[in-house]
Amino acid sequence: MSLRQLQETLRERVRAAANETFGVTLEQISAEVPPRTELGDLAFPVAFELAKLIKQTTGEKRPPRAIAEQLKTALEALPQISRVEVAGAGYLNIFYDRAALLSSLVANSEAGTASLSAATNARPKRMVEHTSINPNKAAHIGHVRNSVIGDTFVRILRAAGETVEVQNYIDNTGVQVADVVVGFMHIERMTLEDIRALDNSLPPERPFDYYCWDLYTRVGLFYRNDDPGGELDPERLKLRAETLHAIEAGDNPTATLADYVATRNVECILDTMERLGIRYDVLPREYEILHLHFWDKAFERMKETGALHYQTEGRNKGCWVMPFESHTGTDDHEADKIIVRSNGTVTYTGKDIAYQLWKLGLLGLDFNYKLFRTYSDGQKTWITTTEPQADSETTDSRPQFGGGATVYNVIDSRQSYPQDIVRRGVAAVAPEIGEEASVHLAYEMVALSPAACEELGIRLSAEDRARPHIEMSGRKGLGVKADDLINRLEINALSEVEARHPEITDEERRQTAHQIAVGALRYFLLKFTRNTVIAFDFKEALSFEGETGPYCQYAAVRANAIFRKLDDAAKVSATEIINNASDSESAQRQEVARVLEGESGDEIWSLAVLAAKLDEAIKQSAAAAEPAVLAKYTFNLARAFNLFYHRHRIIAEEDATRRAVLVSVADITRRQLTAALSALGIEVPERM
RNA sequence: GCUCCCGUAGCUCAGUGGAUAGAGCAUCUGCCUUCUAAGCAGAGGGUCGCUGGUUCGAGUCCAGCCGGGGGUACCA
């Protein structure tokens with residue numbers, strides 16, 4: 001029996017006892033963890049609630065403590081419970097039978113971690129879209145927050161048994177791509193062949209996406225005739241509009257050039273993400289959404305269902321709009337959201353509604369697909385295309401994309417208004433699905449502290465210096481590039497590993513440094529809750545000490561070191577002793593119970609219980625769609641283990657029963673810690 | 001104007017209506033002959049922005065105010 005099952009059983013007991021004893025039906029029974037282990041493993045503050053309900057129904061006033069006393073006996077009857085105490089003003093504190101439970105935790109430990117990662121195919125498919133970086137420049141740390149939150153959420157869902165499809169939307173026909181194309185064509189005066197040659201000549205440390213990063217900022221200046229404070233030049237802006245139009249139309253030299261630029265940037269961005277262990281199932285592109293007429297189909301359905309209104313007069317005359325009454329219109333801002341412009345073209349939000357309908361299997365159209373990338377372990381990423389695949393073999397071997405039951409869009413919180421429109425648009429077309437199927441997984445941006453800007457050599461205005469943080473901007477070239485930061489982390493980690501482990505090979509050291517760097521970066525981005533603005537700080541991001549990924553990895557490495565050095569006889573003996581303790585009549589049961597008694601027993605037991613709560617943490621993290629919950633849990637487990645590790649000399653322990661208990665608790669902990677880190681996308685190195 | 005988010009230790013942040021509000025960093029003091037100190041222990045540090053309300057119980061819920069940030073495009 002897992003802790004969660006035991007907790008459910010107890011809850012049902014409380015419900016039944018309340019009903020029998022007081023004739024009161026409790027709806028929600030909250031349980032909590034007492035502040036200290038010596039107060040018990042679980043507490044029900046249910047007597048307070050009951051006192052109120054009894055007074056309401058019978059008018060009789062009963063003290064909570066007396067109520068708790070009456071419930072106590074009903075819970076004590078359970079075999080997994082050693083005793084129940086009434087404490088404080090009326091808390092019902094439950095003490096588990098430690099020896100029995102430890103024995104079953106060890107038995108479940110291997111099976112338990114295995115079932116965590118096994119997906120149950122019966123569940124409906126969840127769709128997660130994340131990353132979705134405009135393919136016109138290198139990824140910066142703000143983009144990486146998106147990807148790491150998205151990827152970790154995917155891992156958490158999978159750990160909770162869900163089936164998940166991962167999408168990375170590619171806006172290959174948008175203004176941002178057009179801008180870089182303007183740069184290549186009108187500033188650099190390059191042809192497609194020139195760009196190819198340039199691309200091949202670039203050094204690995206400054207690849208194509210870095211080149212585009214710089215070029216993109218130059219385009220911004222170009223539009224202002226190279227004066228940062230100057231006016232936008234309408235003649236030059238016309239180049240942008242023409243370029244954008246050509247890219248959208250397709251089948252012309254500008255579009256071919258743009259496709260090369262966008263595709264190369266996608267490749268670079270995927271390389272960056274691969275460094276962090278982030279991959280995708282499919283890359284849906286805007287070009288296919290346009291050319292396979294997704295919008296036309298969605299438009300039809302939205303007109304049929306009355307989701308859109310045609311405006312015959314007023315400011316929005318000639319437009320198709322979606323009413324939006326939660327905002328009040330003013331002189332400056334219209335209440336309704338325009339979906340189709342008066343010139344007949346569709347807005348981005350409109351295209352997004354069509355895409356969302358496809359994700360939910362409600363559009364009645366599908367993309368064509370081709371293979372984009374095969375990873376070294378055989379995993380494949382597909383990309384959309386307008387042409388049907390000729391090769392039927394590849395078509396057969398690819399998964400079915402789209403048609404999910406729930407869609408999670410990882411998009412920063414500044415886009416919550418258009419996301420709201422998308423959700424409502426979908427619900428209007430498909431009321432049977434409703435708004436619940438569309439989830440905007442919003443997160444706040446990563447901003448730069450004025451100090452971090454200074455460190456990057458960026459000059460700030462006096463006004464900016466007074467601000468709490470400065471928004472990153474691809475347009476201004478203002479940001480910390482992801483690869484630069486990963487490189488710095490790897491260099492720092494490598495010098496530590498070199499100092500600590502001269503005995504291992506260069507390749508092993510590089511691998512270890514890489515794992516540490518990824519652990520540091522992913523944990524840094526996950527420890528903040530989604531709605532916290534991260535004011536990026538180099539010192540904090542580059543740290544390997546305190547509440548960091550490497551701290552958690554280090555705890556797991558230490559735990560593994562015990563088992564590398566522990567001899568086989570001790571392992572076998574530990575397993576036997578704890579196994580035998582499952583029998584309530586056995587001598588081992590009494591001995592194990594003795595080890596888990598008292599202050600020292602509390603300390604050991606609290607680690608076992610915390611480790612056993614991984615599935616709870618995963619479930620809670622998934623339900624709240626908040627990876628930070630799991631990150632905090634993982635850190636707390638690592639912290640508890642480090643304390644345990646410091647207090648006990650496990651291998652040298654002479655009392656066989658005590659050693660068996662310590663070994664099994666360490667074993668459960670390292671398994672759970674490794675599983676928790678894995679759900680955060682963090683690996684455990686061999687050595688640190 | 002309307003709307004969403006934030007305000008908790010010097011700093012950065014956690015905190016499903018429950019017991020004495022917690023971490024990390026920074027400061028100070030100890031601990032490497034140990035299963036590796038990327039670690040552990042200890043100390044100092046709090047009017048949970050303010051004022052009311054609901055509740056047996058409020059950092060958490062409600063209302064109002066004060067301060068900060070976002071959104072509210074026929075941009076994406």
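Naming: A, B, ... by sequence-line order, numbering from 1 per chain. Worth knowing before you read on, the calculation uses all heavy atoms, side chains too, and leaves out hydrogens, waters and symmetry mates.
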Picking from G24(B), A41(B), A19(B), the nucleotide nearest the side-chain atoms of Glu547(A) would be G24(B)
Please classify the nucleic acid contact of Ala43(A) as base, sugar-phosphate, or nothing, using heavy-atom distances under 4.0 Å.
base
Counting Watson-Crick and G-U wobble pairs only, both distances under 3.5 Å, name the nucleotide matched with C25(B), or none.
G10(B)
Mind checking if Phe563(A) touches a base, just sugar-phosphate, or nothing, with heavy atoms under 4.0 Å?
nothing
Given A76(B), A38(B), C40(B), which nucleotide is nearest the side-chain atoms of Ile516(A)?
A38(B)
Answer for the Watson-Crick or wobble partner of U54(B), both distances under 3.5 Å, is none
Give a yes/no on whether any side-chain N or O of Thr532(A) is located under 4.0 angstrom from OP1 or OP2 of A14(B).
yes
Heavy atoms from C-beta onward define the side chain here; which of C74(B), A38(B), A26(B) lies closest to that of Ile338(A)?
C74(B)
Here the distance between atom P of G69(B) and atom CG of Leu448(A), to the nearest Å, is 17 Å
Check every strand shown and say whether Gln620(A) touches a base, only sugar-phosphate, or nothing at a heavy-atom separation below 4.0 Å.
nothing
Touch check for Val177(A), heavy atoms < 4.0 angstrom, all strands: base, sugar-phosphate only, or nothing?
nothing
Can you confirm whether the side chains of Gln176(A) and Asp171(A) place a donor and an acceptor under 3.5 Å from each other?
no
Side-chain donor-acceptor pair under 3.5 Å between Tyr223(A) and Asp179(A), yes or no?
yes
Under 6.0 Å from the ring centre and within 45 degrees of the ring axis: does the NZ or CZ of Arg639(A) meet both conditions for the six-membered ring of Tyr551(A)?
no
Whole angstroms only, please: what is the CG-C1' distance between Leu494(A) and A38(B)?
15 Å
So what's C40(B) paired with, Watson-Crick or G-U wobble, going by both distances under 3.5 Å?
G30(B)
Whole Å only: how far is the CD atom of Gln419(A) from the C1' atom of U72(B)?
16 Å
If you only use heavy atoms from C-beta on, which nucleotide in A14(B), A76(B), A23(B) is closest to the side chain of Asp171(A)?
A76(B)
State which of A76(B), G70(B), A14(B) makes the closest approach to the side chain of Arg467(A).
G70(B)
Considering every strand and a 4.0 Å limit on heavy-atom distances, what is the contact class for Ala51(A): base, sugar-phosphate, or nothing?
nothing
Spacing between Glu626(A) atom CD and U16(B) atom C1', to the nearest angstrom
13 Å
Can you tell which of G70(B), G39(B), C13(B) lies closest to the side chain of His646(A)?
G39(B)
In whole Å, what is the span from the OH atom of Tyr523(A) to the P atom of A23(B)?
14 Å
Could you state the CD-C1' distance from Glu32(A) to A19(B), rounded to the nearest angstrom?
8 Å
Classify the side chain of Asn93(A) versus the base of A19(B) as yes if they form a donor-acceptor pair under 3.5 Å and no if they do not.
yes
Please state the C1' separation for the pair G44(B) and A26(B) - nearest whole angstrom.
13 Å
Which way is the base of C32(B) turned, syn or anti, if we draw the line at 90° from 0?
syn
Please state whether the base of C74(B) and the side chain of Ser342(A) form at least one donor-acceptor pair under 3.5 Å?
yes
Checking Thr173(A) against Glu286(A): is there a side-chain donor and acceptor pair closer than 3.5 Å?
yes
We want to know whether Asn531(A) and Tyr443(A) form a side-chain donor-acceptor pair, criterion being a heavy-atom distance below 3.5 angstrom.
no
Both distances under 3.5 Å, Watson-Crick or G-U wobble: report the partner of C2(B), or none.
G71(B)
Quantified in whole Å, what is the P atom distance between nucleotide G30(B) and nucleotide U16(B)?
38 Å
In a check of side chain to side chain contact (heavy atoms under 4.5 Å, CB included) between Leu607(A) and each of Ile668(A), Thr37(A), Leu637(A), which one passes?
Leu637(A)
Atom OH of Tyr633(A) and atom P of G22(B): how far apart are they, to the nearest Å?
21 Å
Under 4.0 Å, counting only non-hydrogen atoms across every strand here, what does Asn636(A) touch: a base, just sugar-phosphate, or nothing?
nothing
Complementary nucleotide for U20(B) - Watson-Crick or wobble, under 3.5 Å
none
I'd like to know if Arg36(A) reaches the base of A19(B) with its side chain such that a donor and an acceptor end up less than 3.5 angstrom apart.
no
From the set A19(B), C56(B), C5(B), return the single nucleotide nearest to any side-chain atom of Phe48(A).
C56(B)
Select base, sugar-phosphate, or nothing to describe what Tyr348(A) touches, counting heavy atoms under 4.0 Å on all strands.
base
What is the nucleic acid contact for Ala638(A), judged by heavy atoms within less than 4.0 Å: base, sugar-phosphate only, or nothing?
nothing
Output the single nucleotide from C40(B), U12(B), A76(B) whose closest atom is nearest the side chain of Thr347(A).
A76(B)
Just call it for Val533(A): base, sugar-phosphate, or nothing, with non-hydrogen atoms closer than 4.0 Å on any strand.
sugar-phosphate
Arg414(A) near the nucleic acid: base, sugar-phosphate alone, or nothing, with a heavy-atom cut-off under 4.0 Å?
sugar-phosphate
May I ask you to verify if any side-chain N or O of Lys55(A) is less than 4.0 angstrom from the OP1 or OP2 atom of C56(B)?
no
Will you find, in the side chains of Thr532(A) and Thr529(A), an N or O donor that is under 3.5 Å from an N or O acceptor?
yes
May I ask you to check whether Arg522(A) and Thr152(A) show a side-chain donor-acceptor distance below 3.5 Å?
yes
For A73(B), does either OP1 or OP2 sit under 4.0 Å from a side-chain N or O belonging to Arg341(A)?
no
Side chains of Tyr523(A) and Glu547(A): any donor to acceptor distance under 3.5 Å?
yes
Just to confirm, is there a sub-4.0 Å distance from OP1 or OP2 of A41(B) to any side-chain nitrogen or oxygen of Arg639(A)?
no
Report the nucleotide, chosen from C74(B), G69(B), A41(B), that has the shortest atom-to-atom distance to any side-chain atom of Leu643(A).
A41(B)
Counting any heavy atom closer than 4.0 Å, what does Pro34(A) reach on the DNA or RNA strands: base, sugar-phosphate only, or nothing?
base
Would you say a side-chain N or O of Arg240(A) is under 4.0 Å from OP1 or OP2 of C75(B)?
no
On the nucleotide A38(B), are OP1 or OP2 found under 4.0 Å from the side-chain N or O atoms that Arg500(A) carries?
yes
Between P of A76(B) and CD1 of Ile133(A), the distance in whole Å
20 Å
Ignoring backbone atoms, test whether Tyr554(A) places a side-chain nitrogen or oxygen under 4.0 Å from the OP1 or OP2 oxygen of A38(B).
yes
A76(B) phosphate, OP1 or OP2: any side-chain N/O from Asn134(A) under 4.0 angstrom?
no
Would you say Tyr551(A) reaches C40(B)'s phosphate, i.e. side-chain N/O to OP1/OP2 under 4.0 Å?
yes
Looking at Lys539(A) and Asp537(A), does any basic side-chain N land under 4.0 Å from a carboxylate oxygen?
no
Determine whether the aromatic ring of Tyr91(A) stacks with the base of A19(B), defined as ring centroids separated by less than 5.5 Å and ring planes inclined by less than 30°.
yes
When the P atoms of U12(B) and C66(B) are compared, how many Å lie between them, rounded to an integer?
24 Å
If you check the Thr529(A) side chain, which of G24(B), G15(B), G39(B) turns out closest?
G15(B)
According to a strict under-4.0 Å criterion, is Thr548(A) in side-chain N/O contact with OP1 or OP2 of G24(B)?
no
